[in-house]
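One structure is given here, and the rest of the page talks about it.
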Protein chains: 2
Amino acid sequence: MSGPEGASLPTSRRQQIIEVAAGLFAERGFHGVSIYDLGAAMGTSGAALYKHFASKDALLGAMLVDISERLLSEGQQRADAAAEEGPDVVLAALIAWHVEFALTHPALITVQLRDLASLSEEDRKTVRRLQRRYVELWVDAVSAAVGADEAHARSAAHAVFGMINSTPHSALLGRDDMAGQLQRMAHAALHACRS
Amino acid sequence: MSGPEGASLPTSRRQQIIEVAAGLFAERGFHGVSIYDLGAAMGTSGAALYKHFASKDALLGAMLVDISERLLSEGQQRADAAAEEGPDVVLAALIAWHVEFALTHPALITVQLRDLASLSEEDRKTVRRLQRRYVELWVDAVSAAVGADEAHARSAAHAVFGMINSTPHSALLGRDDMAGQLQRMAHAALHACRS
DNA sequence: TCGATAACTGAGACGAGGTTAACAAACGAT
DNA sequence: ATCGTTTGTTAACCTCGTCTCAGTTATCGA
């Protein structure tokens, strides 16, 4: 057992860098932020980054893999917890969770939407795999709740992701008000998805 | 007068470059595509670009200003044409137009969402101004059709843009089916936007 | 006091990519 | 035939950004 190489301990500093980087990447895009910028935002030189991440790409990888895992595991948990109360409650739980996440971490949402293509082959595969499982959660819930076939449920789920994930770009209206509106709109949209 | 500097004549070759570039930018992002890549896709060298655009940034600018203008002018036209038939018809016309555009030009939608930050100061202002006017079109229509106050209508409009603009990432389901579903979902979502 | 570890600095190698310059070929109009 | 326009080529330039490396400071437990 040696250093901070394992992905287990947050090491505080690593996490701190990820959070600052998320803000900058969301503003200017991954390629629009240099190592120097990153260091400046941390109050250090640019080179200091390499004590914590193998490369700039690895930093982005850690960021996106982390949020994909959080979205999935918490979504899974909440869906399971609501399972007994019927499909409508499961769907409501998923919607509430995604809305909460998007409103709490707008920067992460922005980066995941925009800079997924800048990921290394391996990290991209990991993120895609996690995202796919998260989508499955939704597809099952939508199918069960509104009685749509799989193809329609899937495209409807993607559409609702697009809707909820767009909040970083608007974000007027105050958090609670916004959350309520998004949830109402998501429910209405999903119930209108079958032909 | 002289050369191809005026924004009036499409010059064919310019437009051709813009279309090819849109595809590449959508795939890999503006910074992920080099001048060399661009030339290769056109069957020329990279430097040939500079006979048609002052810079790589100017190419992106022409692309984004153009789609913003098209979205607005056609939206304006269709809204005006439907005005006599009442607010519901106006809203339906806007939804139909946006869905049609997003399904026809997925690459342009992707680039406009992702690479707006890479624009020069001046071009960004121009695009923002056009977008703002387009949003106004929607805010008015939503307010009139569903009786929401301006703030709610505005954030609802942004949310629906997010939903419709997400189609480039999913795009299963066949065009007509997809168009129908998106329109139904958009209507339902907008009618659920008031508290 | 000493050594280990974490965190950082400054300088520079290195490559990638945007841009420019000088030159060439096709082509229509006078 | 010749001129101008359009479009393209090759080669070089130059800036910018990533990453490496050798050395530095600070903290902390033994």
Side-chain angles (χ1 to χ4, degrees), chain A residues 1-21 24-25 27-63 111 115 117-123, chain B residues 1-22 24-25 27-64 111 115 117-123:
Chain A
M1 339 281 163
S2 52
E5 280 307 345
S8 46
L9 302 180
T11 319
S12 179
R13 193 58 173 158
R14 258 179 83 96
Q15 202 54 38
Q16 205 178 338
I17 293 175
I18 288 181
E19 281 161 23
V20 169
L24 293 181
F25 290 171
E27 267 180 40
R28 299 180 239 160
F30 179 70
H31 291 289
V33 178
S34 71
I35 290 294
Y36 177 88
D37 295 334
L38 231 31
M42 295 293 303
T44 70
S45 73
L49 177 92
Y50 291 88
K51 294 295 172 183
H52 305 278
F53 296 94
S55 66
K56 194 188 171 194
D57 288 330
L59 163 60
L60 181 66
M63 186 186 303
V111 176
D115 294 316
S118 304
L119 237 41
S120 74
E121 191 68 23
E122 192 184 337
D123 284 335
Chain B
M1 307 312 159
S2 56
E5 281 306 343
S8 46
L9 302 181
T11 319
S12 178
R13 191 59 172 157
R14 259 179 83 97
Q15 201 56 37
Q16 204 179 338
I17 293 175
I18 288 180
E19 281 161 23
V20 169
L24 293 180
F25 290 171
E27 268 180 41
R28 298 180 240 160
F30 178 70
H31 290 290
V33 178
S34 71
I35 290 294
Y36 177 86
D37 296 334
L38 231 32
M42 296 293 303
T44 70
S45 74
L49 178 93
Y50 291 87
K51 295 297 173 180
H52 304 277
F53 296 94
S55 67
K56 195 189 171 195
D57 288 330
L59 162 59
L60 182 66
M63 188 186 302
L64 296 193
V111 175
D115 295 315
S118 303
L119 237 42
S120 74
E121 191 67 24
E122 192 184 336
D123 284 336

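Because the structure is predicted, anything quoted here is derived from the model rather than measured. To find a chain, count down the sequence lines: A is the first, B the second, and so on, and within it residues start at 1. Note that these values count all heavy atoms, side chains included, but never hydrogens, waters or copies made by symmetry.
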Side chain B/R14, main chain B/H52, donor-acceptor under 3.5 Å: yes

Backbone N/O of A/V33 and side chain of A/K56: donor-acceptor pair under 3.5 Å: yes

Interatomic spacing from CZ in A/R13 to OG1 in A/T44 - rounded to 0.5 Å: 6.5 Å

Atom CZ of A/F53 with >12 non-hydrogen neighbours under 6.0 angstrom: yes

Base versus backbone protein contacts along nucleotides 13-25 of chain C [heavy-atom cut-off under 4.0 Å; B, S, -]: -----SBB-----

Whole angstrom value for the distance that separates C1' of D/dT7 from CZ of B/F53: 14 Å

Distance, rounded to the nearest Å, where A/H52 contributes NE2 and D/dC19 contributes P: 15 Å

Residues that B/E121 engages under side-chain hydrogen bond (donor to acceptor under 3.5 Å, both in side chains), provided they are two or more places apart: B/R124

Out of D/dG8, C/dA7, C/dT9, whichever nucleotide has its closest atom nearest the side chain of A/R13: C/dA7

side-chain N/O A/S45 vs C/dC8 OP1/OP2, d < 4.0 Å: no

Whether B/H31 and A/H31 hold their rings parallel, tilted or perpendicular, with breakpoints at 30° and 60°: tilted

